[in-house]
Enquirer: 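Attaching a single structure in structure tokens format; questions to follow.
The chain is numbered in sequence order, starting from 1. Because only heavy atoms are used, hydrogens play no part in the values below, and waters and symmetry mates are left out as well, while side chains stay in.
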Amino acid sequence: MLNRSLSTFMNAFTASDYTMYPFSTQNAKDFQNLLSVYLDAVSYWTEQEGWRLENENPTDPNSPLVFKGVVFNEMKGAFCDSESMYAQRLQNLLYPDHTYAVVSGGEPLTILDLTWDQLKQFHATHYHPSNARFFTYGDLPLEQHLKQIHENALSRFERIEPNTAVPLQPNWDKPREYHMTCAPDALAHDPHRQNTLCIAYLLGDITDTFEVFTLSLLSSLMVSGPNSPFYKALIEPKIGTDFSSVVGYSRNTRQASFTVGLQGVAEADLEKVKRIICQTVDDIVANGFEEERIEAQLHKIEIQMKHQSTSFGLTLACYIAPCWNHDGDPVKLLQISESVAEFRRCLRDHPYFLQDKVKQYFKENIHRLTLSMSPDQFYFKKKAEEEEAKLQQKVAVLSKQDKKDIYEKGLQLLSAQSQPQDTSCLPALKVSDIDPTVPATPVQMGHAGGVPVQYCEQPTNGLVYFRAMCSLNTLPEDLKPYVPLFCSVITRLGSGALDYRQQALLMELKTGGLFITPQVIPDSDDLDTYEQGILLTSSCLERNLPDMFHLWSGIFNNPHFDDNERLRTLLTMDAQELSNGIPNSGDVYAMTRAARSLSPAGELMEAFCGMEQVAFMKRIAEQSDLTDILRKLPRIKRHLLSQDSMRCAINAAPQNVPGASLELEKFVKSITTRKKELKPVRRNIIEFGNEGSAPQQQDPNFKPCQMKTYFQMPFPVYYVGQCVRTVPYSHQDHASLCVLAQMMTAKFLHKEIREKGGAYGGGAKMDHSGLFSFYSYRDPNSMQTLNVFRRAVDWAKAGQFSQQDIDEAKLSVFAAIDAPVAPSDKGMTRFLSGISDELKQQHREQLFAVSHEALTVVSASYLGLGQRTCGVAIIGPENEGIRKDPSWVVK
């Protein structure tokens, strides 16, 4: 249905005690189509992917039997992430007597014990309409939804009593402690500090909505930000690198929990961590919280209530699902203003209200779990041996006939997977259902203190959104690798008269946060031209505009660069976060690396947010003396935080624009001007044409080249990326390549990489950068997947697709480009990339015009072996074949 719909979201979520099947669309006919398919898919059993025994080569009966299956490989990938594994084990142990004691997604080796009959029986009872809850959101009539749900599902089943209620977890009579092991972190900056320890507390029933509100806010007071007691007690002494992967309040189970602890701890300090946690609880009971911090948390809730996101309906569904699943009142849960009022009454009437909660749920709570985790260098070797033993155990009991049956079933499955799917029974939209024109987004251009400003009037619900883009063109090359670190820490070091704690508190009291991120924006006309800069982002209630810009003024004019210990804390946390993120984003890292040798923008993207940046942060986190870095930060600030190369954007309601413009003018005029003009580092700076746009960068020395890079990591699965240099956004062939990428994914790569290959995901992408990318995610294969990419190109060149395939691909492309845009983000494509509504309309018309011939031509012209310039990157376990191949760079 992804290719027969204009859906803005379509997926399925597996929680610990429910499965949610959400979709969204802006098209009424599409909504009815998707609802009918979802009701059928959920209510009626179909044979799906789990696990199977199969010959390694399905066409060779003499090849060894191995375990295969998409879900099996997905969970192997999930369990290579130590953070996820730790969180899962923590839940299993804190709730040991009911459904939470098992892994809802399936522990890999346990999946292999699941039988076909067990799976069918589980579906018949748990996925019956009698056990379902339905949620709709939007402006379509409810009566039509109810009628369709009744006719397509409820009326076709007899009501049953599924008996799926989750009982309360019996309370323990004493605290418990457990230990587990994991794989070492190859990117840890200190190999001797790789232990994790946390304490988790069992809390109350999540159907008590006010208690949920209170404990959630209490959790934020305890662990959120540098003013929180646990941050001061655990993070700042540098006993560990960061909070444990599970931290704070969770209401994802029948009874909530609170967890706090540290990762990156030396084994000798584990007992110390336990003592600090207990002592901090005592200190909170004795001292409570500052009134300003409580107000800051309530202000944060007000901001969250007013902010409008494009996934508002989906967010509501996810928010109410855990409570509603256990027969709580979902409407009462959404009455947050009433909860805020009641919370204020409790504080007024009971001055020790929060301290009493801490005493009840933490100090006097016996049902608490201490879980520690340490690295084992043989972890994956042991897991592989366990899997091999399981395989041999299953193979040993097979007769010759069993093996013959397995071989024949493998051939049957391979044949079925090779056949085109019959989708004629599925409803579909037509390309003619798509709006032919781009909806206009009016903006007004102006100036504030000489700086270009884009104003976009939008119904922002009382919030004002501010952005500023500052150029990197004058920054010396030796400072560029430090830009991501600069962006991360500059808003967290303090400024002017504010130390970092006061700065953080004022941000929470007056804004929705101040953020700075590196930006590399490819030109829409030339692959070798790009803009490099940093993007400042913030928002606030209209009444707090002076305070928000005062905070920015302090960061521009007088940031603090003299606190070595604070920088050490932030640097260590950032390095740990980057390292932890690889298992869940390995495909993105692989594609970013593959793009490095294809364009100047790709090269800088790898330096800013690729594996190169991960390794760089690891190196500087290992430095014992940060004096050199502290000296570099002011140098970077002088080049970046200036009005000389800045442009701004304001999104606000019409009545709030004049006030925002006035405060922006004051801010710009407050910025200290440079004593001397800084020249671009490179001479090839070109102006780009639209008002309010910044100088762009060209590198005349950059030459695209082929490069293959392999990152050996302690994972049991691979992440594969391949990028090909093609054409920029404005080129007429860009539209054909967008449609081609979507069609390749749906009609060839999904089948070959996921269904046949067993990877959790894979496909092709074409974006504004002009690079055509192939990828796979949690893939049991590496070189075989690269071969699939090559065969996908041959398939496209041969034109082995129909007009229906093309139309479905167009639907998917338009679903993405026509996805709803929040009021806060309207006009941002124009502001950041210079892409006007007129250029979007030109691209839209080119998409409509894509033909069968155009697709075969671009396949041969840009992706054919003799025509393309491509980069390849793989992240995964040791691979002897690649290591011996001199054409690969092995990291």
Enquirer: Thr207: what forms a side-chain hydrogen bond (donor to acceptor under 3.5 Å, both in side chains) with it, not counting sequence neighbours?
Expert: Asp205
Enquirer: Taking the six-membered ring for Trp and the full ring for Phe, Tyr or His, determine whether the centres of Phe23 and Phe31 are under 6.0 Å apart.
Expert: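 Centroid distance Phe23-Phe31: below 6.0 Å, so yes.
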Enquirer: Establish, for the pair Arg348 and Phe353, whether the NZ or CZ atom is under 6.0 angstrom from the six-membered ring centre and no further than 45 degrees off its axis.
Expert: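 Not flagged: Arg348 not positioned over aromatic ring of Phe353.
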Enquirer: Measuring from Met507:CE to Leu514:CG, what's the distance to the nearest 0.5 Å?
Expert: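 CG of Leu514 is found 4.5 Å from CE of Met507.
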Enquirer: Can the ring centres of His145 and Tyr137 be said to be less than 6.0 Å apart?
Expert: no
Enquirer: In Å, rounded to the nearest 0.5 Å, how long is the span from CZ of Arg830 to CD1 of Ile835?
Expert: 11.0 Å
Enquirer: Are the side chains of Met548 and Phe667 in contact, using a 4.5 Å heavy-atom criterion?
Expert: no
Enquirer: Do Arg251 side-chain atoms and Tyr319 backbone N/O form a donor-acceptor pair below 3.5 Å?
Expert: yes
Enquirer: Does one side chain, of Asp767 or Ser769, offer a donor that lies under 3.5 Å from an acceptor on the other?
Expert: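 Their side chains do contain a donor-acceptor pair, which is all the 3.5 Å distance test asks for.
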Enquirer: Between the main-chain N or O of Lys306 and the side-chain N or O of Asn461, is there a donor-acceptor pair closer than 3.5 Å?
Expert: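 Yes, Asn461 side chain to Lys306 backbone: donor-acceptor pair under 3.5 Å.
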Enquirer: Are Tyr729 and His843 near enough that their ring centres are under 6.0 Å apart?
Expert: yes
Enquirer: For the pair Ser24 and Leu314, evaluate side chain to side chain contact (heavy atoms under 4.5 Å, CB included) and give the outcome as yes or no after the intermediate values.
Expert: CA-CA 8 Å; Ser24 61; Leu314 177 62; over 6 Å; no
Enquirer: Could you measure the distance from the CZ atom of Phe515 to the OG atom of Ser488? Nearest 0.5 Å is fine.
Expert: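 Interatomic distance, Phe515 CZ to Ser488 OG, rounded to 0.5 Å: 11.0 Å.
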Enquirer: Supply the atom-to-atom distance Asn27 CG to Ser7 OG, rounded to the nearest 0.5 angstrom.
Expert: 10.5 Å
Enquirer: With a sphere of 6.0 Å drawn around CD of Glu577, does it hold more than 12 non-hydrogen atoms of other residues, nucleotides or ligands?
Expert: no
Enquirer: Are the side chain of Arg844 and the backbone of Asp435 linked by a donor-acceptor contact shorter than 3.5 Å?
Expert: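 Checking the backbone N and O of Asp435 against the side chain of Arg844, a donor-acceptor pair under 3.5 Å is found.
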Enquirer: Less than 3.5 Å apart, any donor N or O on the side chain of Tyr455 or Ser661 sitting next to an acceptor on the other?
Expert: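 On atom types as modelled, these side chains qualify, holding a pair under 3.5 Å.
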Enquirer: Indicate whether any N or O donor in one side chain lies under 3.5 Å from an N or O acceptor in the other, for Asp242 and Gln576.
Expert: no
Enquirer: How about Ser553 and Ser670: does a side-chain donor come under 3.5 Å of a side-chain acceptor?
Expert: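 The answer is yes; a qualifying pair exists.
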Enquirer: Return a table of donor-acceptor pairs under 3.5 angstrom between the side chains of residues 213-223 and protein atoms on other chains or two or more places apart.
Expert:
| unit_1 | atom_1 | unit_2 | atom_2 | d |
| --- | --- | --- | --- | --- |
| Thr214 | OG1 | Phe210 | O | 3.0 |
| Ser219 | OG | Tyr249 | N | 3.0 |
| Ser220 | OG | Ser216 | O | 3.4 |

Enquirer: Using atom types as modelled and distance alone, determine if a side-chain donor or acceptor of Glu665 lies under 3.5 Å from a backbone N or O of Ala448.
Expert: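 Side chain of Glu665 to backbone of Ala448: no pair is present.
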Enquirer: For the residue pair Thr441 and Cys456, what are the closest heavy atoms and their distance?
Expert: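 Scanning both residues completely, I find the closest heavy atoms to be CG2-SG, 4.0 Å.
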Enquirer: Please check this pair: side chain of Arg647 against backbone of Phe831, looking for a donor-acceptor N/O pair closer than 3.5 Å.
Expert: yes
Enquirer: Considering only NZ, NE, NH1 and NH2 on the basic side and carboxylate oxygens on the acidic side, decide whether Arg293 and Glu508 come within less than 4.0 Å.
Expert: no
Enquirer: Rounded to the nearest 0.5 Å, what's the gap from CD1 on Ile434 to CG on Leu847? Could you check?
Expert: 9.0 Å
Enquirer: Do the side chain of Gln502 and the main chain of Asp499 share a donor and acceptor less than 3.5 angstrom apart?
Expert: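 Checking the backbone N and O of Asp499 against the side chain of Gln502, a donor-acceptor pair under 3.5 Å is found.
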Enquirer: Does a salt bridge link Arg543 with Glu302, judged by any charged N lying under 4.0 Å from a carboxylate O?
Expert: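 The answer is yes: the pair qualifies as a salt bridge.
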Enquirer: Give me the ring orientation class for Phe230 and Phe258: parallel if the planes are under 30° apart, tilted from 30 to 60°, perpendicular past 60°.
Expert: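 It falls in the tilted class, 30° to 60°.
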Enquirer: Mark yes or no for whether Thr537, through its side chain, and Arg467, through its backbone, hold a donor-acceptor pair below 3.5 Å.
Expert: no
Enquirer: Find the distance between OH (Tyr482) and CG (Leu475) and round it off to the nearest 0.5 Å.
Expert: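 Tyr482 OH to Leu475 CG: 12.0 Å, rounded to 0.5 Å.
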Enquirer: Should the pair Glu290-Arg501 be classified as a salt bridge under the 4.0 Å nitrogen-to-oxygen rule?
Expert: no
Enquirer: Got a donor-acceptor contact below 3.5 angstrom from the Asn651 side chain to the Pro823 backbone?
Expert: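 Judged by distance alone, yes, a pair lies under 3.5 Å.
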Enquirer: Between the side chains of Asp30 and Ser5, does any donor sit under 3.5 Å from an acceptor?
Expert: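 Yes, because at least one side-chain N or O of Asp30 sits under 3.5 Å from a partner of the opposite role on Ser5.
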Enquirer: Between Ser836 and Glu838, does any side-chain donor sit less than 3.5 Å from a side-chain acceptor?
Expert: yes
Enquirer: Applying salt bridge (Lys or Arg N to Asp or Glu O under 4.0 Å), which residue pairs with at least one partner in residues 455-466 are found, sequence neighbours left out?
Expert: none
Enquirer: Strictly by modelled atom types, are His326 and Tyr18 linked by a side-chain donor-acceptor pair under 3.5 Å?
Expert: no
Enquirer: Quiz question: by atom type and distance under 3.5 Å, do the side chains of Ser524 and Ser730 form a donor-acceptor pair?
Expert: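 Side chains of Ser524 and Ser730: no pair found under 3.5 Å.
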Enquirer: Distance-only, no hydrogens or angles: does the Gln454 side chain make a donor-acceptor pair with backbone N or O of Gly827 under 3.5 Å?
Expert: yes
